[in-house]
Every structure is written in C-alpha cells, then in structure tokens.
Amino acid sequence: MEHYKYAGIVSLMILLFSVTLVAGAQESGDVYVSSTDINSKTIETVEKGTSLQKVLSTIENTYDVKFFYKSELLEGKTFAENRVILFQNGLFNLLDDLLSDFGFRYKVLTHRTLGILPKDSAPNQEINLETVNGTVTDASSGDPMPGVNVLVKGTTSGTSTDAQGNFELSVPSLQDTLIFSFIGYETGQMPINGRTNLDVTMQPQAIEGEELVVTGYGIQKKSDVTGSIGMVSSEDLGEQQSAFNALQGLRGKVAGVNIFTNSGAPTGSNRVVIRGTGSINAGTEPLYVVDGVAMEDGIQYMNPNNIESIEVLKDASATAIYGSRGANGVILVTTKRGDTPSEDVAVSYNGSFSVGRLASKMDAMNAEEFMEVQRRGFENATLFEDYPPGQEPVFDLSDDIGTLFDEQGNPLYDTDWQEEVTRTALSHDHQLGIQSGGEKSSFGGFLNYTNNEGVILNNYMKRASARIVYDASPTDWLTLGTNLRVNRTWENSVEEGGGGQVVRRTMVEFAPILPVKMPDGDWSHFNDVKFTSLEGQPNPVQRAMEEDRLRDRVQLFGNAYAAFQITDNLEFRTQFGVDNTNFESRDYQPTDLESPESSVGSAGMNNSETTYWQNENYLTYLQDTGKHRINAVLGASWQERSYRSNGFGVRIFPNDFYRTNNVDAATEVSGFPNSDTWDWSMNSYFARGSYTFDNTYSATLTSRIDGSSRFGENNKYGFFPSIGVGWTVSNEEFMSDMDAINRLKLRASWGRTGNTEIGTYQSLSTISSGSVLLGGARQNTSAPQRLANPDLEWEKTTQYNIGLEIDLFNQVVSLEADYYDKLTDDLLLQRPIPSTSGFDVVMDNIGSVSNRGVDFMMTTRNIQTNDFFWSTTLNFNYNKNTVESLGAEDEDIFPGPNWVSGSQTILRVGEPIGNFYGFERLGTWGTDEAAEAAAAGRIPGEAKRSSDRKIIGNGLPEWTGSFSNKVNVGNFDFTADIQFVYGNEIMQQFLHTAEDRQALTNGIATQLYEAWTPDNQDTPIQRIRHQPLSGQNTQADSHWIVDGSYIRGNLFSLGYSFDQGKISEYGLQRLRVTASLQNAFVIHHPDFKGHDPEGSSWQGNPNTQNIFFYQYPKPRTFTLGVNIQF
Amino acid sequence: MKKFILVFIVGFLTLNSCDNFLTEAPKDEISTNQLLDSPETVTGLVNGLYREGRAADFYDSGFGGANVMFGGFMSGFFDNEAKGERIQGQVAQDLTLDPEILNQFFDGWWSGHYEAISHANLALQAIPDMEGFSENEKNRLLAEARFFRALNYFNLVTSFGDVPLITEPVEGLDGLEVSRTSSAEVYNQIVADLDWAVNNGGLADAPFPDNNFRITRGAAAALLADVHLSRAGYPLQSQGSYADAADAARTVINSGQYGLVEHGSDPMTMSAYNKMRTSDVDDEFIYGIEYDGNIASNDFPGQIIPGDVRPAGITFGRTFNVYRPIEEYTWIYDPNDDLRVQEKQLFYSSLERDGTVYEFNEWAPYMWYEEDVAFESGNSGDRDLRVYRYSEVLLIAAEAIARSEGVTNEAISYLADVRERAYWQTDRSTIIANLSGLSEQEFVEEVWKERLRELPLNFKIWTDIQRTRQYPVPSENNPGEVNFVDVVGASNNWGQTYQEHHLLYPIPDDEIQTNPALEQNPGYN
C-alpha cells in the first residue's frame, strides 16, 4: 500500500519534468519574435522586409502597451535592411530610435496607450483614430438595442449604444475586432475588416441546447445530457453579495435541492438534502466535488466569489459516475480560471458592506410580567402541595429590596436580554481578482478577506483566502494546470446544539429583573436574586463577551492536472488532488461565568488534521460528425483520507488572564487527554459513453466500480450502473410545423448508486480501551465495540427519472420538470438486535426508504423590450418520503434526541423519516373534572394528555421552492426572490422551559396571559406553577407542535451598472453597484413562537429537522456592494 | 512518439495498484482476535464490570435520579422533585408503567445489564486459557467476573422475572433471538456463580476498602445471602433457601472481618451514620460503588438539596431533591428513641452555613451530603456509595435464621446489633427483651421494619415488597409502628392501587419488537 501512495506523486513529478523538456524543445519554428519575456530579451534581429506594424505589435506584447494609429499611416512601411533592436534600452529609447527611421514620432495618450503620428505633426495635434459606427439590433425581433457594451478587443476602450441602438467608437485600426455584450444575450465578436460602418445583430442567450454542462469527469452539451442536472452560474450565486457561504447562495436556485439554513450564525450550519432523505445512519449530505476533487468538509468555508458555476447532479444517469457516493446527489463546483473574454489582463474588485439586525424577537416576559408569574406561583403553591398551617411559602422580597426592587417592591431593572446580547452586525467582504489570459497560458490570482459578524455579541467568522490558478498549453497536444487554494478562517462560535444553558436560550430565559452589570460593575448572576431560587444560568451577555469558543481552520486544497491530446479525438487526463485541513478549537469558560461560587475557569483545546488525496486518470473520446456525436470516458481513481486528533481539558484557573494561552496555569486536569485516528481508502474504475444521433436521439451508459476499505472483507467492491436516454422531439420532422414549440426534449433514466458514509471499522469487531476508577486510581478497561459483519456493503439507491424540457413561444416560456422514484435499500442501518447479545445494534444492510417526487422549474420572459426585461422563475420540489422496511422484525427505531420524554422522533415502517413522537395534549383538566384529574394524580389546570405516545408531526417539508423575478430597466436591475416551504411541522422544544415550566427561569408571555385560570379554562396552557416550590408537569407533546410552512422574502436586490462608455474614461471596464436586503420578511403560522420557522438544535441527526430548543436568530441583512473591473 | 511514451509512463504509474490498498487496519482500537493474546485486555474487561450494568444503576443519575431509585418511586415512599424533567418518576408513582412509555428507560436498564453480562461471558471464556496469568490471578478474575454476572442476573430476575439466560459470548449474527428462561434456572446460575466465587475464587477476606475496592469473599457471600433470601420469597418461595441465606450470611459474619461502625464521642455529630457519611474506610463496608472527585465523581451531593433553597455560596448551579422521603416514611421511625430519624443522621431538613439556617420544609438524604463539595469544589463528590453494608448482612441472617431455624438467640442478637446502635439511649437488654418471645412472623416483621429504617438509602424497599408481597403502612399517630398489608390491592401514598402485575416491570418495547421469542409480562399488553 505504501508504495502506491507515492506513485501518484512520483508520476506527477515525472510528468511535470517531461513536460518542461517537451515545452523547451518546442521553442522554435515560425514565430518571428519568439518570446515575450522582457527579462530574457536583449537583442532581436528584424529581417529585411518585415512590416513596421508587425514589429510594433511585438513591442505591444513585450511592454504591454497599445499603439493607436491610422492604418494608412503604416501602410507599406517595411524595414529596408536587417536591423538590430536593443530592447534593454527601454521602450521610449527604442521607439525614438525605431520610429524616426520612418519619419514618425510617438505621443503618450494614456497609461500604456501611445499614439503614433508623423514626425512633423504639431505637438498637440489630435490623433485621428479610425471611427467606426453602427447599429446593434436584436436578432430575433430586429429591434434596436440600447445599452449594449462595445469594446475594442485587447484594449480597455469602448462605448455603449444609445437609445436607438447606435454606437460610434474610435479604434486604432480598422483591423481590430469589436466585442459586443449585453445581459441575456450571447457575447459576440466582430472583426472590423476595414469597414467603418458595422451593423450587428445579437442572439439572445441560448436558454438550453448549446449550453455546456459540467458533468463528472467531463463537459457535455446540454442537449446531449440524459440526466437531471441543475445549473447555477456565478451570476446567480453572486446576486446575494453578502452570502459569505456558497450554500446560502444556492438556496432556492435548483428544484429538488433543499438547503436548510438552521441558524443565523455566520458559519451557521446548512443541511443540504437532494431529493429527500434516503438514508438513516449513513449520512444524507451530497458529495461535493470542487474542480474534480472531493471535498468532505469545508464547502461552507469556501469563498463563494471563486465559484464559476455549480452543477447539481440529481438522477442516476448523472450521479452514477460517482458510484458509491452518488446516492445523495452530487454538487459539482467549478471555480474561476485565468482566462478572460478579451484575452487580456482583467483586474476586478468586489466589495460589500452589510448591516445585519435581529429579524425577529421572541415574546419574552418583561420584569413586571416575570414578577407576576412569580407572585402567582407562590399563591398557587398550596394547590400542588399540602403545607402545615403557617408553613406556606411566602412571597417575600425583603432580601432583594434595595438591590433589585424599590421599597414598594417594584423592579429596579427591566432588561431585555435579547436586545442586550445582540448587536447590529457590521460585516465586510473584499475580493480581488487578477485574471490574465493568453493564447498559450492563463493565470488567475484571487484574494479574499471577509469579516462576518454575527448578530450575537462577539460572534464572528473571518476568512482570508488566496487562490492561484495557472493553465498552460505549451503544445497543441498538452495542457496542464494547477489550482491551489489556502483558506484560513477564524471563528468565535456560539453553541447551536443541545439543551444547555447557552446564549440562544438564556437570551429569553434569564431574569429580566437583573441588570447586565450590578452597580458595583460585576456581571449580574442568577443567584443575585434572593426571594426565589432561579436556574443556574450564566448571564448571557457575560457568556457572549467573556467565553471563548475559538475555531481556527487552515485548509489547503488544490489539484494539478495534465491532459494529453493523443489523437484529435482522444485525450488522456491525469489529475492529482489534495485537501489538507488543520483544525483547532480553543474553549475557555471564565472563573465567574455561572456564579462566583460555582465557576472555576476551564479550558479545552482540540487539534485535528485531515489529509485527503486522490489520483484520477481517464481517457476521453470525442467524435462529432454532425450526424453522430460520441462522448466517452474511461478511467480509474484512487483516494485516501486520514484523520488524527488530540485534545485535553483543564480547570481551576487562578484568574481569567491566561485563558487557553497558558493552560499550565490551571491546577486540575479535567477528564483525560485523548487522541484518535482513522483512515479509509477507495479504489474505483469508471466509464461513461454517450451517443447522440442527428441531434435528436441520445443515450448515455454510465458505470462505476468502487472498492472501499470501509466494507466487509466479503464485499469490498460494488458496481453502480446507469442508463439514460433523451429524445429531442422538436427536431423531428412532424414537429416542424409547430411553431409554438421551439424545443421539446424528453428524458428517462434508470440507475443505481451507493452510499458509503459510515464510520470506519464498522465491519470489524474491535476492542476499545479506556480507564475506570478502581482502587483509588485509573485502571485500564476494555470492551468489545460491535459484532463483526464481514458481509457489510454499500447502501444502494435505485432511481428512475423521467424528465421533460420544453421551450415555448420563442423561448418566452421554458420549463423543465422531472418525476423521480428513488428506492434506497440494503440501508446501512444500525439494526436493532436483541440486547441480550450484549449489543443494541449491529451495522447491517437491511431496511429501505423511498423518495418519490417532482422537480419543477419554469422561467417566463414576461417582457423583453429594448430597455425593459422582466423574467420570472418558479421552481419547486414535491417529495414524499416513506420508510419501507427496517430491521429483521420491522421494529420501530427511536433515533433521538432523547430529551424530556425519551426519543422525540421515531422511525416506523410506512411513515416518513423525521416524524415527531410524543403525547397528545388534549387540553387542560377543568374544575368540573377535578375528581377525574385527581384519580390520575393531577389537579385542574394541569395538562391533560393521551396515555400513549404517538406520531405528532414531521419536520421535513413536502413542498419547497422559490419564486423569483428579475427586472432590467436601462442600467438598473432588480431581483426579488421569495422562498416557500409547505407541509411540515415544527417541534418547539423551547416550550418545555419557556411555557410549560414556570418561575424557574423567565419564559414567554403566553405562560402568563394564556395560562389556565378558573376563569380561563379552555386553554392548552397550564396553570401557573412555581417550579422551585411545586415542581412541574412537562412532556414532549402535541402542544409543542406547530405548522412549519412559511414564505420568506429571501432576497431583494437592486443593481446599477454604469455605462461602459463613461467609465472607460477612468480606465474601468465594468462598474456596478448593488443594494440588497436579505431575509426581509418571514410569514409563518401565528402559533409559532420561536425566532424562525426553520431550525434544528440537533444537527448531525438527520431525523431532527425542525426540532429546536431555541435558535440562533437569523438576521435581516442590508448590503451595499460594488463590483469594479479594470 | 515522445508523447506516447510519456502517456504510457504516466498511465503505467498511475494505474498500478496494490492488493491491500483497501484493507482496514485500525490504530486506535484492537481487533477482537487479538484479545485472546492479551492479559491486559482481559483484565480491562473485568475492570470495566465494576462500573457497568447494575453497578452503573447506582450512579447513572441526573434529573430522573439513578436507575436504582426507581424502586423507591414505585413504593410511593420516595419522590423526585425533578420528576417533571424525566418521565420515569411520575410514571412510577402513578403506577402507569407501560412498556412503550418507559421503553427507553427500561431498555437502557435491560441492555446495560446484558452488556455487562456479555463482557463477563467473554472474560470467563478467555481467562482459563490465557497465558501470562498465575493460577491465583486467573481464579480471582474468574471470581470477579462471576460476581458481576450474578449481580446483573440477580437484578434482571427480580425486575423482570424470567429472562433469557446467556452464559457464552455471542460472536455472530446467528441465534440472537433467545427466549425467556425460568426464574428458577436463572437463580440456579446466579447461585452457581456465587458459590464458585466464594469457594474457588481465592478471594481476599477483608472489608471492601481494605481490598483496594475489589470484590472480596465477603462481598460474594453477602450477595449470595441476598440472592437466597430473595429466592426464598415470592414468586419462587424456593425450599431451603432461607437456610442457604443463613449459611451465606454466616460466612460473612464468621469471617470476623466485618463489624458495625460505632458511634463516636458525640452520638449526634459523630454518630456511626455520620462517620460513614464522611469516610470511605470502615469495617461495615462490604461492597459499593467507588468515587473520586477527579476520576469518577459522585453526583448525589448536588441532588439532595431542595431547589427552592439556595444557601449563599453554594457551588451548584441548580439543585433538587431527587430522592425525597415523603413524610409518611418518617413515621416508620420512633422519633424519640431512633437516632436514624434525628436531624442530620440519615436525613436532614435544614442546612447551616456561615451562621445562617436554611430550612427545607422537607426531608432529604443526608448520607450523601458532602459539605466541601457543595460549597467548595462543586460537582466532584468523593464519597463512595455503599451497596452492601454489614448491617444488612446481620438483618438477612436474622430473618433467614428465624425462618429456617426459628427465633433463636442468634437471630435475636443480629437484629439487636443493628437496633442497639440506632436506639442510642436504650439498653441492649431492653431491646433483646422486646424481641424475645415473638412468634416467627412477628420477629420477621420486626426485621422488615428494621430494614426499612436501616436501609432506606440502600434502595431495598421495593425488592422487599416484591419478595414479601407486603406493603408497609406506617402510622402518623403511632410513629415507629408499621403494619404490613398485602401489596396487591394496597394503595400507595399517591392514591394509586397496586395490582399483581406491578410486581414485575414490563420488558422494554424495543426488546419485544427485536426479539419475537420474548413474551411480555402479563398485565402490560
């Protein structure tokens, strides 16, 4: 195995070495002035008869300048003798020398632009450039087009058309080429060819058809593709300028791709589900492939501005090329390279500044309301417990008078902790890009710095990233390139999971009668309240400000490839990719966080490193005869990922100075230091052949053989085939009369993909070791971890897909719809086994889950006139998920979270994944039911519940989608993106402590205003009960459940692009400013009491979507952005 | 041509593979086949038993209380202030036990026990052939493994009745569906394991702390006495078991290693109970759960202070009274004569700190109170939890001898030993005189009362109700007197009536669903 590891590296080195030799040997031939490397060039000989124009063009390249002149001026000017040019003398000496021979002189016009004129012309004579004019019209309608950008190729000079579509432009020579561009139209190039008047027609951008699609291991014409692939361009992603996270930009853009943004934090985890949840224990995230390299972790930290396009592979015909890792869908990310449209240096700067504010607040009680609950809780205490006469609890504020209450018992403070712990988050983002494209090589350099603040105090994510891309084609048969990215992030995170005393909870529950800081300057603590005993919660502001939860990451990610054109049709490509991530977390809790008594200061540090490499080699065969088109791929892949980590914790610090910087200042080790390591490897072979006949009939066969170390000895390799067919009906003879239908294509596919995402060593029976206390010291302990299962193999998903693509009425309406039917069987399931075996579960291939649904996407171009363009896109996904079978006995599985009443979700055959489980709250016991209530051990006003637990909701939506509108008016563009979710529920776990349980903490106002009283008996909300005095009555029940449907104003953005003609005077090619508003509004069910109807406090458990115990509130963000290109 | 050679070289190098590229070789875990080569791993397997299964029931705590408290909640005499946070406390008081509602609770209990049993089975299989152990070491480890297998089966059989009896390691996926074995057979296996441990284990004869907190011969014999006592009662009422219980108890007593802790100079502050509360080393300690604040800390100190009391300077963020004896329980004691019911002996109802008195207005266990933990170190209780004390062995002996041999002087003296220490102002002769001349049933009921008074924090109340089918009814007007009535038909202190099926717990629903060979206990379908 070891020797293989290095084989890839060695081969790469040999390859690069050989390439250098070959490239060197190639340096001769008919190139007149061979090199543009100014440093290596000193002297050049120009042969007799060479034209001056040719020499000047060499000089242009050498010095990166541009000459403007009248073409007739240089006509017939050739060198009469061989001549030596001395480059080392500098440009101006050279020109003086050279031009005087021909009776010319030069004049500096702008930076890097020089005019050439007759020597005897007046010193300040205007340079008469050639003038070209013309009209630009729409190819389909014939209407003139205003605002079209016109650019001289290879220069920064240009203009744009006027209201009548006319333009006039000065060009250095009538041999130049003009570039025409306009949003929604294909960019065109037009050589002037000596003309002075050019009439140009522009083609609306082909919506389908000629578009190219990135598929795994290649690029295909969209018209040939038989699979279901969603595409998002960099423009679509970039709309959301303040989306620091690439996944957020993808939200709502592709039907069938559900992105649950379960937190409002800068690094808030996004959960991506493509076409439903197909797995229970083996992971539901899609496979991310960035420039051909699998990225397991880190997509959320990637700079979204580096992305050129994202393709989402959904059906088996598209995903089978990724075999055992394709079952959850594949997201292919293609990053920007160095090439530019004008084959010149392009420098761009994108910057944004955004302001975020809490979009919603929970209805936490104020000080007065809080005290009313306390008072009534004391009053009601005797209802819940018998007290000997005279020993009833007394509501007595005397110990707190002067500190928290005035003499009359009125609270001195009324703190809104949601306000105190949040802020107006100010974030900024800077992107600098340099792209330099040439005929033989291109270079790109991209720098980014982002400071993204969360709305919770002291919560931030900063990112600095640098990326270098280089591509070269030294010969006509060799292309090679490399792409390396360094991504560094710093983060101070807020805990988003579980049910602890964290800020997202205490911002609602901390007592409003406490100030942020006591008058003596110390943080207030829960035990500053004397008249009752409150839950031991840390002051939320103190926690946010003084606790460290630092998360630093350095990711090195990149690849290098070489492609050999063996024949005209056959290419061999080898690619080596690496992903190395170093992660460090440093946690520190200060010495008086909870209270001066109980906190001692504690620190914990963890380091981990993940190293991944892959080597892929494949042959691509392309043949296009017009009638027959073949695109075939055959290759092999090796990959290995290894991980190691170590961590430790210490406690009891003398003060808060050292934090994690000097952990040896602590006096105790908490827990035991730990370390961990694992690795896994895969070896695969893949093939794909696609054939299109007459642009009408297409078929694609794909297969992959995957071997994985994670599986049992008996099942190391798996085979994943797929077939797809496409029929472009509109190309048939019989359709030629149907003018309304521009394009109609039908697709169908079948295939099988897999899922390997389980932990390592699951097929082996292993013994793990640790230590236990025995005899006053740690003694070693060991325990078997699992039963061996040498037959363990892939989870398999069989998917059928039928698709329809149609363009109507001159592409006014474009529609794409897919129906899919996915059955995942041989689930990698932690199958429950009788625990009399000593084990509760065994990892086994058993059980199945189905997902059936529809992806739908329709774009209409409602208005297309010269100065007004309006299009609307509606996309949605409907998905029905069903657990078809489970373990050997189809037994119920309770996957947690185990909280309050046991598992709050259930997996049951015939039901979908993500079902909530709990009691039904039938209401509250009434006074006329007192006897009945007493028999059940209750009193009137307590919750009345069903005797059994049942399924009470589901967190995964049936319908998700988005509705977006784009309008261009003149130089303005406007986008409105509305997203919707329908057919799911939310389990509001926070009602446990915010409403059901009273007086131990603060809660929401319904516990006071809608509580049961003898006069208000028709309510599900229980009578006020003072928890510290009288205990509580809470269970996970249907009262916590609320409809989870919502409509979100996801993005409204307004942009203005300046006329190119005007900005070119300042040396700019593009200047665009934008203003946008994200998360403008959310319409949800009126009974929902949380911050945002999308969330999960139990990330990592795929069953827990929309189950939350408080949330990191999402901000409403206003962003100003600028986009400049030089 | 050049380029073809190049492609060939690259292709050759990259497509070359090797056979073991996909082999998994864990570096942080040992594969099972290596286990049989390593004495350390086998020792580790036995070491783990000290904190698994039944042992973990004592410390697996939190809002719901330790598993071992569930019997106290079933009896209706103990309440958990935090019961609203976890379902089991409320369900037990309400007698609404249900295999589905308590599925996760009982499944954790059931599978935890079987996990410990499977580790014991693996150790018992591996040890005899293991190189690198002396015979003595082998026997000691075998005896420890058998002790824990017995301890776990004993709790399973008293909790659930007939349970699958598995004594060999499970190695594959075949034959996992095992049906229930009769309780009698399970008891046979338990007794066989403990007999072996007592007679063949070569275990040390010493109090638990003196043997470095490893199982002693006395611990095995004490457990065996308890097992026989239980087998002699309902439901098996096995012939001869009282005599066997007496024999086993005498093995402990006659070893001469154990004794009751005596009161110090001030019987209130330095009582035997307070000495045991503040120290882990004494001759009364037979078997227990060891704690150390730095390695495995005892959570109980934070769970015995009512939540509405917040003494200044307390280090716990939140406290609650997890195992509150309700007022009726205190009527079991004679308030004048019995030291155990005095303030700050077994229980307390107020706390002094820096001169301030904090009244609880209720009772809470004092035996688990650690002042330095509550007010200084926080969350790191050090005191061990005693599972078997010598006083219990004396009471087992008294009951078993009375049942098998009659109310002999020996039986009387064992009961008197325990009562004498509690009745600190009463002469032994008076105590003996009061016990002499009682009928067998009367004497045995005196033992039962003494068990209620002496062992409330050793979690005996429910297993005593199960085996005797008698429910204790104390009297407010006549504290110290307890009537015993048939448990079936009796009402608990929360107004709920016991039915026969309540005497066994339901088998967890998960286990019933996974194993079709299992049948649910009657009354729970």
Side-chain angles (χ1 to χ4, degrees), chain A residues 1 4 7 11 14-15 18 391 477 527 533 535-536 564 566 572 574 594 597-598 615 617 636 676-677 681 683 707 709 716 761 764-769 772-775 778-784 832-838 840 889 891-892 898 901-903 937 1028-1029 1031-1034, chain B residues 3 6-7 9-10 13-18 20-22 24 26-32 35 40-41 44-45 47-48 50-51 81 84 87 94 104 110-111 114-115 118-119 164 166 170 176-178 212-213 290 292 295-296 307-308 310 313 315-318 361 378 494 511 513-516:
Chain A
M1 174 160 147
Y4 174 69
S11 66
I14 291 176
L15 173 81
S18 321
Q391 288 192 26
W477 55 268
N527 51 10
S533 82
E535 181 145 36
F564 305 87
I566 299 170
F572 174 74
T574 179
E594 200 158 271
E597 289 86 8
S598 59
N615 173 233
N617 311 285
D676 185 20
T677 184
S681 49
N683 169 213
S709 66
K716 285 281 182 209
Y761 319 137
L764 304 178
S765 168
T766 59
I767 301 272
S768 85
S769 296
V772 288
L773 168 66
L774 193 47
R778 285 181 195 277
Q779 306 245 7
N780 90 290
T781 177
S782 48
I833 54 173
S835 37
T836 44
S837 62
D840 288 328
E889 306 294 333
E891 55 277 287
D892 294 342
N898 290 309
S901 319
S903 176
L1029 296 174
Q1032 68 194 48
N1033 177 347
T1034 76
Chain B
K3 68 182 180 183
L6 190 67
V7 168
I9 292 168
V10 169
L13 284 169
T14 51
L15 293 171
N16 192 2
S17 177
C18 75
N20 56 1
F21 182 64
L22 299 179
E24 265 192 323
K27 294 184 190 105
D28 59 344
E29 294 178 353
I30 302 173
S31 74
T32 314
L35 164 73
E40 293 75 23
T41 312
L45 210 50
N47 289 347
Y50 280 81
R51 304 199 87 80
E81 190 183 7
I87 201 165
D94 293 349
Q104 266 115 13
W110 170 283
S111 45
Y114 274 106
E115 187 184 8
S118 78
H119 296 171
I166 294 164
V170 174
L176 296 180
E177 296 173 3
V178 183
N212 242 339
F213 297 90
E290 188 186 359
D292 179 303
I295 300 174
D308 57 346
R310 179 170 297 285
T315 57
F316 300 115
R318 185 174 170 194
N361 295 318
W494 306 87
E511 198 65 7
Q513 284 200 44
T514 357
N515 184 355

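Quick note: numbers below take in every heavy atom, side chains included, and nothing from hydrogens, waters or symmetry partners. Since this is a predicted model, take the numbers as computed values, not measurements. Residue numbering restarts at 1 for every chain, and letters A, B, ... go by the order of the sequence lines.
Taking CD from Glu511(B) and CD from Glu891(A), the interatomic distance works out to 10.0 Å, rounded to the nearest 0.5 Å. In this structure, CG in Asn47(B) is found 5.5 Å from CD in Gln779(A), a value given to the nearest 0.5 Å. The OG atom of Ser782(A) sits 5.0 Å away from the CG atom of Leu45(B) when rounded to the nearest 0.5 Å. Note that CG of Asp840(A) and OG1 of Thr514(B) are 9.0 Å apart. Values are rounded to the nearest 0.5 Å. Between atom CD of residue Gln104(B) and atom CG of residue Asn898(A) there is a gap of 5.0 Å, rounded to the nearest 0.5 Å.
Proximity to chain B (any heavy atom under 4.5 Å) is shown, for Asn780(A), by both the backbone and the side chain. Contacts of Leu176(B) with chain A are made by both backbone and side-chain atoms, with heavy-atom separations under 4.5 Å. Heavy atoms closer than 4.5 Å to chain A are found in both the backbone and the side chain of Asp292(B). The contact between Glu290(B) and chain A is made by backbone and side chain atoms together, counting heavy-atom distances below 4.5 Å.
The two residues Gly536(A) and Arg318(B) come nearest to each other via the heavy atoms N-CB, 4.3 Å. Closest of all the heavy-atom pairs between Pro834(A) and Asn515(B) is CG-CB, 3.8 Å. Considering every non-hydrogen atom in both Thr781(A) and Gly48(B), the closest pair reads OG1-CA, 3.3 Å.
Of the possible donor and acceptor atoms, one in the side chain of Gln513(B) sits under 3.5 Å from a partner among the backbone N and O of Asp892(A).
Of the candidates Val772(A), Leu773(A), Leu774(A), Ile295(B) forms a side chain to side chain contact (heavy atoms under 4.5 Å, CB included) with just one, namely Leu773(A).
Contact check for Thr41(B) versus Ser769(A): no side-chain heavy atoms found under the 4.5 Å cut-off.
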| request: Under the side-chain contact (heavy atoms from CB on, under 4.5 Å) rule, what do Ser835(A) and Glu115(B) come out as? Steps first, then yes or no, please. | output: CA-CA 7 Å; Ser835(A) 37; Glu115(B) 187 184 8; over 6 Å; no
